[in-house]
Structures are given as C-alpha cells and as structure tokens.
Amino acid sequence: MPNKLKQIWASGGAAINGWLAIPNGFSAEVLAQCGWDSVTVDLQHGVQDYLSMVTCFQAIQVHPVMPMVRLPWNEPGIIGKVLDAGAYGVICPMVNTAEQARAFVAAALYPPAGTRSNGPIRAGIYGVTTGYQKTANVETLRIPMIETGEAVSNLEAILDVAGVDAVYIGPSDLGFSLGLVPVLDREEKQILDIYEKVVRETAKRGLAAGVHCGTAAYAKRAIGMGFKLVTIGSDSVFIGAGSRQAIAEVRG
C-alpha cells in the first residue's frame, strides 16, 4: 500500500493525524472511521503496549487510514518491531543530535541503507523476501521529534541526515526544556519563532514539519503556518472533553 502521507505531501497538502493512548482495538476502530489521514499509536506516554498496538493496527487496517507509532524511545529493537507489525510511520521522541537521528534512521531502514533486521511478521511474510522488503525503505516514514532546546540548536544537522522524512514538534516538552509550563497550544513568541524556523528549514529541504495540537482551531492555524502534519488531541482527551461538555450541559 502506498504511503498516504507521502501522497498528501507530494500534492502540497497537510495531513490530519489521530492519536491512540487507549490500549483497545474498538477505540482504534472507532477513530479509524472518523476521517483521519493517519492514526498514531502512542507507546511513549499512552498506556499502549506492543500487543495492544498490534490489536489497534488490526482494527485500523480495514479503513483507509495510515498506521503510525510513537516509539517509547530511540532504541533499535522496538523500532524494528513496530515496523514489522505494520507501522507506516515511526515518530521517535527526544532526538537531540544528528548522531541520534542517524541511529534512529539506521534502525528503521533495511540494508544496505540501514541495519534493520528482516522479519516483517505482519507487514510482510515473516522471514521471506516479498514485495514488502523492496519498498519498505521508501514507503515507511522516519520522523524524529524536536522537543528540546538542544534539538532546536541542532535542527539543520538533524534535517540533513539522509533518511529523515519529517520532524515532529512536541510542544509540551519543548516548552518544558526552555523553562516554560508544559502545554500544547503555545503562544509564546519564543516558541512561535521556533515553529517558523522548523517550517522554513523543512520546506527548504523538501521535508515535512509536524506538531501536536490540543485543539482543532490550533491545528488549522498550524497548517496555515506551514505544518504538513497536525495531530489533534487523542482518544482519551476526546472522551474526557465530550463527557465534561455533556455533563455541564445537563447540569447547567
């Protein structure tokens, strides 16, 4: 299956990404029918694990939605496993240097471009060379997260690492690292200047910039800034917000 996000970006568009923190295939199935371009299983801060991720992928795959994963960390074993399970995009947290970006990319690419081991148990036929191995390096996305002041300082070097397709801003950690309160939809000039830099430098290289947003309004604004991948909230956030709104309406 061709990578849907690559197609959207090639046409000049921006992709809208859903976020799965709840370890349940039914939640994933519901979200996958809502019109997202991609849905990301969060192995870092959600309560997902590897098996729940696979269950979510099984629920998603019957819908025209691209499955992605945010890794728990930049570690080659889990990078290979999520790709073997069928991830089309891998978002890697806390990539602060070009060296860390190169390690991430190498673990996500088959030889000779990288060091990923062959065994795509869901993405292909386990241990057998199929069409998957021929196209995986091209069709899967490698997306380091930019979420510290150090990463911003090394942005150009990270973007120049061969095999990086996009970067993804974590606004909470980015603000936290700069001495600010960890929130999503940021308004500080210091942060907005960083956003402008990330959009400018990715566009210059033909790459995409992504950002995690707390609201649809901010996601729409981010697309206007030039971001090509926007995430809005998460399944757990939507449940909480919808519940609170309904209760407030009844009690109000």
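For this chain, numbers begin at 1 and follow the sequence in order. These figures come from a predicted structure and were not determined experimentally.
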Enquirer: Between Ile22 and Cys56, what is the shortest heavy-atom contact and its length?
Expert: O-SG, 4.3 Å

Enquirer: Start with the C-alpha gap between Asn154 and Thr97, add the side-chain angles, then the distance that decides, and say whether side-chain hydrogen bond (donor to acceptor under 3.5 Å, both in side chains) holds.
Expert: CA-CA 6 Å; Asn154 293 320; Thr97 66; 5.8 Å; no

Enquirer: As an exercise, state the distance from CG of Asn24 to CD of Glu29, rounded to the nearest 0.5 Å.
Expert: 9.5 Å

Enquirer: Would a distance-only check, ignoring hydrogens and angles, find a side-chain to backbone donor-acceptor pair under 3.5 Å from Asn137 to Tyr110?
Expert: yes

Enquirer: Is a side-chain donor or acceptor of Arg116 paired with a backbone partner of Leu109 at a separation under 3.5 angstrom?
Expert: no

Enquirer: Could you walk me through whether Asp235 and Ser27 pass side-chain hydrogen bond (donor to acceptor under 3.5 Å, both in side chains), step by step?
Expert: CA-CA 7 Å; Asp235 51 359; Ser27 297; 4.9 Å; no

Enquirer: CG/Leu229 to OG1/Thr202 distance, rounded to the nearest 0.5 angstrom?
Expert: 11.5 Å

Enquirer: For side-chain contact (heavy atoms from CB on, under 4.5 Å), just list the numbers for Ile146 and Ile194, CA-CA rounded to whole Å, side-chain angles, deciding distance to a tenth of an Å, and then say yes or no.
Expert: CA-CA 10 Å; Ile146 302 297; Ile194 291 172; 5.6 Å; no

Enquirer: Between Arg102 and Glu99, is there a salt bridge with N-O shorter than 4.0 Å?
Expert: no

Enquirer: Please report the C-alpha distance between Arg186 and Leu180 in whole Å, then the side-chain angles of each, then the deciding distance to 0.1 Å, and finally whether the side-chain contact (heavy atoms from CB on, under 4.5 Å) criterion is met.
Expert: CA-CA 10 Å; Arg186 314 213 65 110; Leu180 304 171; 3.5 Å; yes

Enquirer: Run Val230 and Tyr218 through side-chain contact (heavy atoms from CB on, under 4.5 Å) and show every step you take.
Expert: CA-CA 9 Å; Val230 292; Tyr218 200 94; over 6 Å; no

Enquirer: With a 4.0 Å cut-off, would you call Arg221 and Glu187 a salt bridge?
Expert: yes

Enquirer: Quick check: does any side chain N or O of Asp165 sit under 3.5 Å from a backbone N or O of Ile143, one acting as donor and the other as acceptor?
Expert: no

Enquirer: Are the side chain of Trp9 and the backbone N or O of Lys228 linked by a donor-acceptor pair below 3.5 Å?
Expert: yes

Enquirer: Tell me whether Lys6 at atom NZ has more than 12 heavy atoms from other residues, nucleotides or ligands lying less than 6.0 Å away.
Expert: yes

Enquirer: For Leu43 and Leu71: C-alpha separation, side-chain torsions, deciding distance, then whether side-chain contact (heavy atoms from CB on, under 4.5 Å) applies.
Expert: CA-CA 5 Å; Leu43 292 182; Leu71 300 165; 5.5 Å; no

Enquirer: Hey, could you give me the CZ/CD distance between Arg70 and Gln44, rounded to the nearest 0.5 Å?
Expert: 4.5 Å

Enquirer: Specify the closest pair of heavy atoms between Ala98 and Val161, including all atoms of both residues, with the distance to one decimal.
Expert: O-CG2, 3.7 Å

Enquirer: Would Thr231 and Tyr168 count as a side-chain hydrogen bond (donor to acceptor under 3.5 Å, both in side chains) here? Give the steps.
Expert: CA-CA 10 Å; Thr231 300; Tyr168 187 83; 2.8 Å; yes

Enquirer: Is it true that Lys197 and Asp193 have a side-chain N and a carboxylate O under 4.0 angstrom from each other?
Expert: no

Enquirer: For Ser38 and Met68, work out which heavy atoms get closest and say how close.
Expert: OG-CE, 3.8 Å

Enquirer: Looking at every non-hydrogen atom in both residues, tell me the closest pair between Asn118 and Val128 and how far apart they are.
Expert: ND2-N, 4.4 Å

Enquirer: What are the two closest non-hydrogen atoms of Thr140 and Ala87, and how far apart are they?
Expert: CG2-O, 3.8 Å

Enquirer: Got a sec: does the CD of Glu196 have more than 12 other heavy atoms crowding it under 6.0 Å?
Expert: no

Enquirer: Backbone N or O of Cys213 within a donor-acceptor pair of the Asp185 side chain at under 3.5 Å?
Expert: no

Enquirer: How about Phe176: does its CZ atom have over 12 heavy atoms from other parts shown lying under 6.0 Å from it?
Expert: no

Enquirer: Indicate the atoms forming the closest heavy-atom contact of Ile78 with Trp73, along with that distance.
Expert: CG2-O, 4.1 Å

